[in-house]
Amino acid sequence: MAASLSNLTRFVFRLSSTVCSPLRQVQRLPVRRLGPGRCLCVAAASLQEEQAVRALEARHRYKEKPWEYLESEEYLERYGNGPVWAGYRRNHKGGIPPQKTRRTCIRGDKVCGNPCPVCRDSNLIVHPQNVKLLQQFISPHTGAVYDPTRTGVCMKQQKKLNEAINTAQDQGTLPFQIPHVEFSGDDYSNSHDAVGCTPPPPCLNSGETWYKWYGEMTPDAGEVAKVRKLYKPYLKS
């Protein structure tokens, strides 16, 4: 019994020495004091992280309710009271601008050098309930959707805009204009000579043909012989 207790104490002592030795080495490590420049860098990095977190939170909030972004101070500071596509100019070679906008500005994770007015701002989300954004792409005089060559929007975003505008008009959140048509009061019934009723067919028992000129026609004997030869087994029965 005494031997077993002595062995147990030796094991515990060895274990405690192995655990405590690295802790003592950690405590003996010299403490490095950061200078004023490094402290400023750490503070700037922390501020950037906080701004990134705030931007991410705002982006998630605008994804659920994209119409709130157009009423925020950030939007007013960036665009003011004008449309988002005002003052946009696409980069191109030469003095003549391209006749068509690009297909898309974002391919996978890569964004082109000069994205369109909708793709350059991640907070601008095309949605049928985002009426203020959709109204910026509709002419107030004609009610027609602006051509992408005027707004500079890529083809992908233009397709989304057309679908969102049609959905908003169907749901009643976006007004649209219907052309006024004056009723002339003309007679459009079947009694008019141009669209008169079809005359009743002649009696089938009388032996008369449907059209008079059809009875005066004589079929070609050669064509009749070909038809009879083709349907010879059926004509016997």
Check: Could you walk me through whether Lys100 and Arg103 pass the side chain to side chain contact (heavy atoms under 4.5 Å, CB included) check?
Finding: CA-CA 9 Å; Lys100 294 182 180 180; Arg103 293 183 180 179; over 6 Å; no
Note to self: If you compare all heavy atoms of Cys119 against all heavy atoms of Pro115, which two are closest, and at what distance to 0.1 Å?
What the structure shows: CB-CB, 4.1 Å
Next item on the list: Over all heavy atoms of both residues, which pair between His127 and Pro66 is shortest? Give the atoms and the distance, please.
Entry: CB-CG, 4.0 Å
Note to self: Any non-hydrogen side-chain atom of Tyr88 less than 4.5 Å from a side-chain atom of Asn114?
What the structure shows: yes
Notebook entry, point to check: For the atom pair NZ (Lys226) and OH (Tyr231), what is the distance rounded to the nearest 0.5 Å?
Noted result: 14.0 Å
Check: Roughly how far, to the nearest 0.5 Å, is CG of Leu161 from CD of Gln136?
Finding: 10.0 Å
Check: Looking at side-chain heavy atoms only, is the closest gap between Leu174 and Ile138 below 4.5 Å?
Finding: yes
Next item on the list: Kindly check if the number of other-residue, nucleotide or ligand heavy atoms within 6.0 Å of NE2 (His92) is above 12?
Entry: yes
Margin query: Are Ile106 and Val84 linked, directly or through intermediate hydrophobic residues, by side-chain heavy-atom contacts shorter than 4.5 Å (ILVMFWY only)?
Written below: no
Margin query: Rounded at 0.5 Å granularity, tell me how far CZ in Arg107 sits from NZ in Lys156.
Written below: 10.0 Å
Next item on the list: State yes or no: do Ile125 and Met155 share one hydrophobic cluster built from I, L, V, M, F, W and Y residues joined by side-chain heavy-atom distances below 4.5 Å, directly or via other members?
Entry: no
Checklist line | Check: Phe137 main-chain N/O paired with Trp85 side-chain donor or acceptor under 3.5 Å | finding: no
Note to self: Distance check, rounded to the nearest 0.5 Å: Glu68 atom CD versus Lys132 atom NZ?
What the structure shows: 11.0 Å
Note to self: Minimum heavy-atom separation for Ala168 and Pro128, please, with both atom names.
What the structure shows: CB-O, 3.5 Å
Notebook entry, point to check: Within the distance-only criterion (no hydrogens, no angle test), does the side chain of Ser139 pair as donor or acceptor with the backbone N or O of Ala144 below 3.5 angstrom?
Noted result: no
Check: Backbone N or O of Gln158 within a donor-acceptor pair of the Asn162 side chain at under 3.5 Å?
Finding: yes
Notebook entry, point to check: Does any non-hydrogen side-chain atom of Lys160 lie less than 4.5 Å from one of Val118?
Noted result: no
Notebook entry, point to check: Got a second to check how far Gln171's CD is from Asn166's CG, nearest 0.5 Å?
Noted result: 11.0 Å
Check: Counting distance only, does the side-chain N/O of Gln129 pair as donor-acceptor with the main-chain N or O of Trp67 below 3.5 Å?
Finding: no
Notebook entry, point to check: Quick one: do Val227 and Leu230 end up in the same hydrophobic cluster if we chain Ile, Leu, Val, Met, Phe, Trp and Tyr together by side-chain heavy atoms under 4.5 Å apart?
Noted result: yes
Notebook entry, point to check: Linking I/L/V/M/F/W/Y whenever their side-chain heavy atoms sit closer than 4.5 Å, directly or via other members, would Tyr62 and Leu70 fall into one cluster?
Noted result: yes
Next item on the list: Hey, could you give me the OG1/CZ distance between Thr149 and Arg90, rounded to the nearest 0.5 Å?
Entry: 11.5 Å
Next item on the list: Return the set of residues passing ring-ring contact (aromatic ring centres under 6.0 Å, His included) with Phe176 (not counting sequence neighbours), or none when no residue passes.
Entry: none
